[in-house]
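Here's the structure, in structure tokens; my notes come after.
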Amino acid sequence: MRLLDVEVVLNIGDEGIQQAKHKFEVMKELDDTTTSYAILSHRWGSGSEEVKYKEMIGLMKMEEEERAELKQRHGYQKILRSCEQAVKDGYRWLWIDTCCIDKRSSSELSEAINSMYRWYQNARICYAYLNDVGDSTFPRKKDDDKFAQSNGWPEWFVRGWTLQELIAPKEVKFFNKGWAPIGDKRRLAPTLQRITGIPREVLTSGMVGKRLSVAQIMSWAAERKTTRVEDRAYSLIGLFGVNMPMLYGEAKNAFRRLQLEIIREFTDHSIFAWNPRTPRTGSVLAEDPSDFWECGDIEKVGPDRYLDRLTKEHRDQNSRMYYGTSEHTTFAAWRSAASSPQFHTMIVTNAGIQVLLPVVPFDDSPSHLRATLACSRSPESLISIDLVSSGRSFARTSVDSALSAAFPEMKTLHLIHHQDNETRREFVLDDRHASYHGFTRRGTYPREFTGDTVTISSLADDLTVIVYANNNATTCFAVGLGYYLGQGWVHIVCDERSPTPEEGWADFSRTAYDRMWKARVKHVQGMPSRRGLFSDEHEDYFVKHAHLPHSTWAARVVWGRWESDNFKITIDVKQFPSRCDGPCGWTATFNDRTGLSVPALMGTVSSSYLLELDGWPTSVNECFGQLIALGDYGDYSGGNFICTGNIFEDMRAAGIDLDDSHCRAVSTVSSSDLGRRMNWVKDQDDLAVAYSFTSETYLALHQPKALSLSADEHISRLSKDPSACLAGKHLVMTIIQCSDVYTVDEDGKRRDSCDNSAPHSGNHSTEAEILTPLCVIASPHFWSREPLRKPRTDQFKSIRKNFGALVNVHQPTGTEQYRNSAVRQTTEW
């Protein structure tokens, strides 16, 4: 290791040192096992404040002005005061991580990280510098005001790297920010145990000879933080006595690699006993140390005690089954397995981590098992984990169902140790429509995300909740995206009130999560069936809306699925003239499978011809002899379209400024597949041929181009507007224009002209050289006329009937009617 010569550092600037600088070195390579040295543990400051290796070795050659500037840094002052303390304690050599490692070299950095625990362990003394402690005594009580950002204790105790720097050295002396000594590890052991959760005997005499479980050691790091994600794993290498290369950029995969290295070295089932704050399904390995937050009391259990406890637990749970020879046969099989080399070995393979464990299936799902580990949290109870089969391997999950009454079976399992894409599903979220009405995301739970994709596990239970609220936070709702037993589900929770400032959106998200999690079986059963609803030409969708209490708003979710079983979710908010009725069930609808971007769910009408727009096969209608413009809406029947309005004209009337963003040009208009098969078409770049399956004719279009409605805010809102004037109407969403159009035979010979197509451009202006023979007409699903649901119709009938009966009880007539009216007027006045 490279060590600082404290005498040289303290005398830099001295005239004698400067004159003989070629004879003095600031650092020297020495053997840590034979050299007496001190070592510093500290919280790094900003990068510009710390003194790096290159600067330290260049001190002797620096100009006086540059050296004076460097000496003013807080980082250099730490080095200087550490050297002064080392001299007081009789040490010539000192190691400090900021300046004794050349971090420009990845190989040197990797070697240093793998050796660091040993370097702290071999140091004669460690100086722990607490830069946020101003008092002359060590803090004995938690102080959330003074140490608000570090759980009420000095920040040194929540940093990842300082964990090994507390445990490894034989002697640790603490200093406050003024470098006054405030205690040492041995005398402060009771307080340090309370702060860190590390047992007193580990603090006073180290880890050697202690029967510590992997889960227990991991728990000490659960609440600690590092600047780099990878360092949460790298800082624990020495505590477990393993080595691994450093791969900065691998993020959380570093912790996965660490666990695999531990498994290769030790057979300790407690590495699977982690308990995340929120349940999840997937890899049997933890995502990061925080998953071990409640594992400080977990201990390993030897084979004999393991068998005794396993026998007792299952005898207590299923006492009626343990009679006769079956009991002795089962116990003998357990004992034989527990004494075999396989039980004491865990093997990392591509198929998973191979391990021998006793398992019991669940009553309602044989693919789910509960496995009992050789570790415990109390003297009597063993720890179990739930597993779900994924092919030939098993993933970690959480199951609420009851176990079967079968005997536990010793079984060789392969536990998944990576997140395979096949075990994940994606919800692609489109909530921009909600923002048009002032509703934005206010919180997510348990995952935090800012994009438009939510990834969840597909093996078993998983759930993510997103909370939305309007601008003044008076109205809110939560959307749950879940997956349970092979099926995705979506649900809306509308609360009677928004959270108070004390609760906050995080608590509201968690409450909504708990409500949906407990009812997930009901929610997945309430999802609509997706089989056989529509043909392969359509993507099926389902729409559900729920009334937001005390408002005229309704939250609406549109749920669709790709062939790969990933999901598309649109979250929208709609305001009604009066309070809507709800919540409502799922309503089936569909969207045509074209590559064109559409502003809302559209069902195209039956079409005459087939073309390719932007490379996507698209069904188009003939509109010869009709004056059709992009954005027209009206009535469509039997191939005839009667225009009753135009959305662009409506937008102008509403005072909306129009620009080119409301319609977009289709990049390419090309022949259909059948049209391309004809050789004569290939030689004409400015020609597209559409084919009609109904009339079996070919239509040639010269210099074709197309315009289509864009999916911007205004068009999207209009296409989802269920107002009376738009109800049941159809919309022209794409027009195809050309300079000439005519039918041809298979040899390309022109047959007859279709020049009776009304010439015009895309917005009711006319140009003689532009024809519009084809268009795409669709029916926005939110414009469709939907009859009242039967419960509400029955409710209205009941109201009318009861009202009529009430009126007919006594019908005043003649002078009685006049008298009653007069009395009422007198009373009112």
Side-chain angles (χ1 to χ4, degrees), residues 278-283 364-365 367-368 386 388-391 395-401 416 419-431 434 441 444-447 449 451-468 477-493 509 512-534 538-546 555-572 583-591 593 601:
T278 55
R280 63 172 179 266
T281 298
S283 171
D364 59 351
S365 179
S367 63
H368 289 73
D386 295 339
V388 57
S389 62
S390 176
R396 175 81 179 263
T397 188
S398 176
V399 184
D400 293 336
S401 305
I416 292 174
Q419 293 292 4
D420 194 330
N421 289 335
E422 295 181 0
T423 69
R424 316 298 289 175
R425 290 293 178 266
E426 287 186 350
F427 285 82
V428 178
L429 193 64
D430 180 3
D431 55 8
R441 294 183 201 173
T444 62
Y445 187 83
R447 298 170 178 84
F449 68 94
D452 60 359
T453 302
V454 182
T455 302
I456 65 174
S457 171
S458 64
L459 291 176
D461 302 19
D462 204 356
L463 172 63
T464 293
V465 167
I466 309 129
V467 174
Y468 296 86
F477 64 94
V479 177
L481 310 176
Y483 206 91
Y484 179 72
L485 295 182
Q487 183 175 347
W489 60 272
V490 182
H491 187 65
I492 309 173
V493 167
S509 304
Y513 176 92
D514 292 340
R515 287 173 60 183
M516 285 188 261
W517 180 261
K518 293 175 182 177
R520 62 193 183 281
V521 176
K522 173 185 174 183
H523 297 328
V524 77
Q525 290 173 346
M527 292 301 293
S529 173
R530 308 188 59 86
R531 300 289 182 182
L533 284 174
F534 304 102
H538 306 289
E539 291 180 328
D540 46 334
Y541 285 81
F542 298 91
V543 182
K544 183 178 186 180
H545 83 271
R556 185 161 52 195
V557 172
V558 181
W559 175 56
R561 186 167 68 182
W562 296 315
E563 293 178 356
S564 60
D565 283 345
N566 290 326
F567 302 89
K568 293 180 284 188
I569 305 295
T570 300
I571 296 173
D572 195 4
C584 308
W586 288 102
T587 302
T589 184
F590 63 91
N591 205 38
R593 286 182 176 170
L601 293 181

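As a basis for the values below, the full set of heavy atoms in this structure was taken, side chains included, without hydrogen atoms, waters or symmetry mates.
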### Query
Which is it for Trp559 and Lys544 under the side-chain contact (heavy atoms from CB on, under 4.5 Å) test, yes or no, and what are the steps along the way?
CA-CA 8 Å; Trp559 175 56; Lys544 183 178 186 180; over 6 Å; no
### Task
Evaluate the criterion side-chain contact (heavy atoms from CB on, under 4.5 Å) for residue pair Ile569 and Val557; output intermediate values, then yes/no.
CA-CA 7 Å; Ile569 305 295; Val557 172; 4.0 Å; yes
### Task
Could you walk me through whether Asp386 and His368 pass the side-chain contact (heavy atoms from CB on, under 4.5 Å) test, one step at a time?
CA-CA 7 Å; Asp386 295 339; His368 289 73; over 6 Å; no
### Message
For a side-chain contact (heavy atoms from CB on, under 4.5 Å) check, start with the C-alpha distance between Leu481 and Arg447, then their side-chain angles and the critical distance, and finish with the verdict.
### Response
CA-CA 11 Å; Leu481 310 176; Arg447 298 170 178 84; over 6 Å; no
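Atom CG in Leu429 sits 5.0 Å away from atom CZ in Arg441 (nearest 0.5 Å). Distance NZ/Lys518 to NE2/His523: 12.0 Å, rounded to 0.5 Å.
Taking both residues in full, the closest heavy atoms of Ala478 and Val465 are given as CB-CG1, 4.0 Å, listed atom of the first, atom of the second, then distance. Here the closest non-hydrogen pair linking Tyr483 and Trp489 is N-NE1, 3.5 Å. Closest heavy-atom contact between Leu463 and Pro446: O-CD, 3.3 Å.
The aromatic rings of Tyr445 and Tyr513 sit perpendicular to each other, their planes meeting at more than 60°, with 30° as the lower class boundary. In this structure, Tyr468 and Phe477 have parallel ring planes: the angle between them is below the 30° cut-off, well short of the 60° mark.
When atom types are taken as modelled, the side chain of Arg515 and the backbone of Ala512 share no donor-acceptor pair closer than 3.5 angstrom.
Between Lys568 and Asp430 there is no side-chain heavy-atom pair separated by less than 4.5 Å.
Screening Val490, Val467, Val493, Asp431 for a side chain to side chain contact (heavy atoms under 4.5 Å, CB included) involving Val479 leaves a single residue, Val490.
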